[in-house]
Amino acid sequence: MQKDLICQAYKDLESSVKLLEYSLSKYKPFDPTVVYSYEDLEYYDSLSFRFEKAVEMFFSFFKTLELYLYGELSQTIRQRLQKMEKIGIINNLEDYMEAKLLRNKVVHAYLPEKLEEIYSTVEKLSKILLQDFDKIEKYIQEEIKC
């Protein structure tokens, strides 16, 4: 696999992470007792979308990096994440498994009592993704040299 493909996958991930980081900087916990305006809810929709997109971009990047490094794909996501953990670009594969599950929940949740928990978890996992992105950035600069 050519180096330019992994570099492009990294740039796509970086763009997604920057948008998530921006939304996260404005985060205020969701309060199910508040009647939010459509404008207020638009922020939470944006945060959700950016979280979903970032999760997908992380998994896409991991797939591309795995192909680049190993010339083949793992049979499961867990195996791929174990490889990413082994090379030191993620701390805990379980965070990514949780993020993937949460990504699916966010799409289907509209009950206020569920949203409070979901957005709190989005915030927590987003911070983990951002920390791991710093490691990915360093790895790409030092090992791949994009």
Side-chain angles (χ1 to χ4, degrees), residues 1-30 32 36 38 40-146:
M1 177 177 272
Q2 296 179 354
K3 183 176 167 180
D4 55 329
L5 290 177
I6 190 62
C7 292
Q8 185 59 54
Y10 168 74
K11 287 178 187 167
D12 293 344
L13 174 61
E14 181 181 40
S15 295
S16 179
V17 165
K18 295 299 178 193
L19 287 169
L20 177 60
E21 188 173 38
Y22 177 77
S23 284
L24 202 57
S25 73
K26 296 179 167 201
Y27 179 75
K28 291 181 179 78
F30 187 86
Y36 289 99
Y38 292 135
D40 293 334
L41 289 172
E42 192 170 33
Y43 162 77
Y44 290 102
D45 289 342
S46 176
L47 174 64
S48 296
F49 176 76
R50 289 174 177 183
F51 173 77
E52 292 170 40
K53 188 70 173 165
V55 168
E56 288 306 312
M57 295 309 297
F58 270 95
F59 280 96
S60 176
F61 172 77
F62 294 154
K63 186 176 183 178
T64 304
L65 182 60
E66 182 182 34
L67 269 174
Y68 179 79
L69 294 175
Y70 303 102
E72 62 184 17
L73 293 176
S74 295
Q75 291 186 0
T76 67
I77 290 171
R78 183 172 290 282
Q79 290 171 336
R80 180 170 302 128
L81 291 172
Q82 285 171 333
K83 288 179 182 177
M84 299 303 114
E85 215 174 33
K86 189 174 183 176
I87 64 173
I89 62 172
I90 67 172
N91 275 332
N92 183 352
L93 72 87
E94 293 302 331
D95 292 331
Y96 287 84
M97 297 302 287
E98 184 180 357
K100 188 121 178 110
L101 289 172
L102 181 61
R103 180 209 157 281
N104 296 336
K105 258 191 211 177
V106 168
V107 174
H108 301 292
Y110 280 100
L111 298 173
E113 60 276 4
K114 296 281 186 200
L115 290 175
E116 178 182 19
E117 177 188 338
I118 286 172
Y119 288 125
S120 172
T121 308
V122 163
E123 180 201 24
K124 177 190 89 168
L125 290 173
S126 293
K127 288 177 178 179
I128 291 168
L129 296 177
L130 294 176
Q131 288 173 347
D132 282 350
F133 180 75
D134 291 341
K135 287 190 259 186
I136 291 169
E137 185 175 44
K138 184 178 180 193
Y139 182 86
I140 287 293
Q141 290 170 353
E142 293 176 1
E143 301 296 326
I144 309 294
K145 301 189 185 344
C146 288

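This one's a predicted model, so the numbers in the text were calculated from it and none came from an experiment.
- Smallest separation of non-hydrogen atoms from Asp12 and Met57: CB-CE, 3.2 Å.
- Between Glu98 and Lys124 there is a salt bridge, since at least one side-chain N of the basic residue sits less than 4.0 Å from a carboxylate O of the acidic one.
- In this structure, a donor-acceptor pair under 3.5 Å is absent between the side chains of Tyr22 and Lys18.
- Under the rule for a salt bridge (charged side-chain N to carboxylate O under 4.0 Å, His left out), Glu14 has no partner lying at least two apart in sequence or in another chain.
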**OP:** Evaluate the side chain to side chain contact (heavy atoms under 4.5 Å, CB included) criterion for residues Ser48 and Tyr119: first the C-alpha distance (whole Å), next the side-chain angles of each, then the deciding distance (0.1 Å), finally the verdict.
**Re:** CA-CA 8 Å; Ser48 296; Tyr119 288 125; 3.1 Å; yes
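- By the 6.0 Å and 45° rule, Lys83 stacks over the aromatic ring of Tyr70.
- Ring geometry, Phe58 versus Phe133: the interplanar angle exceeds 60°, so the pair is classed perpendicular (tilted spans 30 to 60°).
- In this structure, Thr64 OG1 and Leu73 CG are separated by 8.5 Å, a value rounded to the nearest 0.5 Å.
- Salt-bridge annotation for Glu85 and Arg80: absent, with no side-chain N of the basic residue lying under 4.0 Å from a carboxylate O of the acidic one.
- Of the listed residues (Tyr10, Tyr96, Tyr139), just one forms a ring pair (Phe, Tyr, Trp, His ring centres under 6.0 Å) with Phe62, and that residue is Tyr96.
- Side-chain contact annotation: Asp4 with Gln8, donor-acceptor N/O pair under 3.5 Å absent.
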**OP:** Please assess Arg78 against Glu94 for the test salt bridge (charged side-chain N to carboxylate O under 4.0 Å, His left out), listing each intermediate value before the final yes or no.
**Re:** CA-CA 9 Å; Arg78 183 172 290 282; Glu94 293 302 331; 2.6 Å; yes
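- Ile90 has its side chain out of reach of Lys135: every pair of non-hydrogen atoms, C-beta onward, lies at least 4.5 Å apart.
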**OP:** Could you walk me through whether Leu130 and Leu24 pass the side chain to side chain contact (heavy atoms under 4.5 Å, CB included) test, one step at a time?
**Re:** CA-CA 10 Å; Leu130 294 176; Leu24 202 57; 3.6 Å; yes
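- Between the side chains of Ser126 and Tyr27, no donor-acceptor pair is found at a separation under 3.5 Å.
- Stacking of Lys100 on the aromatic ring of Phe59 is recorded, both the 6.0 Å distance cut-off and the 45° axial limit being met.
- Taking OG of Ser23 as the reference point, atom CG of Asp45 lies at 11.0 Å (rounded to 0.5 Å).
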